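The structure displayed is predicted, hence computed values, not measured ones. Proteins get letters first, then strands, A, B, ... in listed order; numbering begins at 1 in each. FYI, side chains are in, hydrogens and waters are out, and symmetry mates aren't considered; it's all heavy atoms of this structure.
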Protein chains: 2
Amino acid sequence: MLHEEVVGRIRAILLDGEIPPGARIPERELCERLEISRTPLREALKVLAAEGLVQLLPHRGSRAAKLTDKDMRDLFEVCQGLEALAGELACERISDAEIDTIAAAHADMVQHYRERDLIQYYRGNRAIHEAIVNAAGNPVLAGLYASVTARIRRARYVTPMTPQRWALAVKEHEAILNALQRRDGVGLAHILRAHLRHKREEVLQAGFAETEGNDVTLSIA
Amino acid sequence: MLHEEVVGRIRAILLDGEIPPGARIPERELCERLEISRTPLREALKVLAAEGLVQLLPHRGSRAAKLTDKDMRDLFEVCQGLEALAGELACERISDAEIDTIAAAHADMVQHYRERDLIQYYRGNRAIHEAIVNAAGNPVLAGLYASVTARIRRARYVTPMTPQRWALAVKEHEAILNALQRRDGVGLAHILRAHLRHKREEVLQAGFAETEGNDVTLSIA
DNA sequence: TTTTGCATTTTTGAATGCAAAATTTGCGAT
DNA sequence: ATCGCAAATTTTGCATTCAAAAATGCAAAA
């Protein structure tokens, strides 16, 4: 059993929400479940604490990180700041093939939007942003982005998604793709940063969103 | 002996360059030196690996992270992207008192520039950027910034600092302070992002810079 | 009935021990 | 003398063990 595997498995448990935010992480229990001893488990918890997914309290054990509204706003700000940076860098380095891939993903996402399939739309959205971040060709940036988005996803935070906002998000994505295709880094950064400012006040907690019915929500637009 | 203390002490050892980049980190030796057993040491190394300061090789121990030129470029890019984001956010939130503090630090830095005291100039520079990051009021951002700047500092990378570049850097700092005082977030972001683009190709390795004589260097302008 | 003090239990943090893997060392053959 | 291979040593990774701190439960007193 490798470290990375242990870290990955615990991360998955946290991201799945199996251990809810703020809940204690019982070492012994997890040890039995993963069939490892406490030593590698504790090493993994330290790593996850450094990532911000776990909170360590001296002599009081570890808890799944509980994020306040403020924490979430901070994470969203940084997330979108990183996306803006990635977009600008990507414009300088992205290959035609990568643009084509993103364009295809975008078309796919728009199709899901037309079908009002939020889950699939969400997946496409995420895929596009990850593709842009990868196209930036900066592993440091990609690493920070992965860490920040993991924390956001884990919290199951969502932004309220009215039909108007959804339509706007699609339009903004159009503009993003356009700027990418024109390799207009400054313009793209502008779009993404404006997007950031627009969304600044919209982030709020909606708890564990059940994406059923008409209460449409989306976590990263 | 708390974990944090162990992590901090090893981090200091790495930042001091006492263990040079790429060198092996002998567990036993460090254990004796810090007077702890291998368990907490290994936990600390895992944390530092997550921070990017240490590189873990399965069954082959840990090494002080060796950064390539590419790694450094990536780190600088992200560092400046974070500074730009911090500047924009700071404009919305910074207090008059904080601006005054930064203005004072700026004046201080300019004075060191006039005296051509690079070391002190460098300190002031760093203080200003850290103040801006703090003024952004975003601990997530501050944490990522600290991690990235730590990695950069540890590598002892520097950018070549000609008299012209130094003068330009001072001018840019004037502009930054100005935008801050006007609380012009968009303008500030523009300045900082332009700064980023200007510096894009300038980053190069100068090894462990001895800041003596006229070979003026500076790591973060 | 509620609260406070103490003893027990549980859990965390760290040290040690043990097995596996890698590195080094030594010996023999070419 | 050098190369190759195998044994010995070192080092890593994990499990177990031990000590200390915190949580829990119980009883006694207000």
_Please determine whether the number of non-hydrogen atoms from other residues, nucleotides or ligands lying under 6.0 Å from atom CD of A:Glu4 exceeds 12._
no
_Under a 3.5 Å distance rule, please check whether B:Arg93 uses its side chain to pair with a backbone N or O of B:Ala136 as donor and acceptor._
yes
*Scan residues 39-48 of chain A against DNA chain D and write down, sorted by residue number, each residue with any heavy atom closer than 4.0 Å; if none is found, say none.*
A:Thr39, A:Pro40
*Gap between atoms CD and P, on A:Glu5 and D:dC14 respectively (whole Å)*: 10 Å
*For the side chain of B:Arg60 and the base of D:dG13, is some donor closer than 3.5 Å to an acceptor across the two?*
no
*Provide the Watson-Crick or G-U wobble partner of D:dA28, both distances under 3.5 Å; none if there is no partner.*
C:dT3
*Can you check the A:Glu29 CD to C:dT12 P distance for me, whole Å?*
11 Å
*Using the salt bridge (charged side-chain N to carboxylate O under 4.0 Å, His left out) rule, pick out the option among B:Arg154, B:Arg151, B:Arg11, B:Lys46 that qualifies with B:Glu51.*
B:Arg11
_Between B:Asp74 and B:Lys70, does any side-chain N to carboxylate O distance fall below 4.0 Å?_
yes
_Between D:dC14 (C1') and A:Glu32 (CD): distance, integer Å_ = 17 Å
_From CD of B:Glu4 over to C1' of C:dA14, roughly how many Å is that when rounded to an integer?_
16 Å
*For the residue pair B:Ile102 and B:Ile132, establish whether any side-chain heavy-atom pair is separated by less than 4.5 Å.*
yes
_Please check: side-chain N/O of A:Asn125 versus main-chain N/O of A:Tyr121, any donor-acceptor pairing under 3.5 Å?_
no
*Got a sec, which residues hit side-chain hydrogen bond (donor to acceptor under 3.5 Å, both in side chains) with B:Arg33, two or more places apart in sequence or on another chain?*
B:Glu18
_Without decimals, in angstroms, what is the distance between A:Leu57 CG and C:dT11 P?_
16 Å
*A:Glu27 CD - D:dA21 P separation (whole Å)*: 17 Å
*asked:* Please tell me if B:Arg24 has a side-chain N or O lying less than 4.0 Å from either OP1 or OP2 of D:dT12.
replied: yes
_d(CZ, B:Arg28; P, C:dT16) in whole Å_ = 11 Å
*Would you mind reading off the distance between A:Leu56 atom CG and C:dT11 atom P, rounded to a whole angstrom?*
18 Å
*Could you check B:Ile25 against A:Arg38 and say which one's nearest nucleotide on DNA chain D is further toward the 5' end?*
B:Ile25
*Ignoring backbone atoms, establish whether B:His59 has a side-chain N or O less than 4.0 Å from OP1 or OP2 of C:dT23.*
no
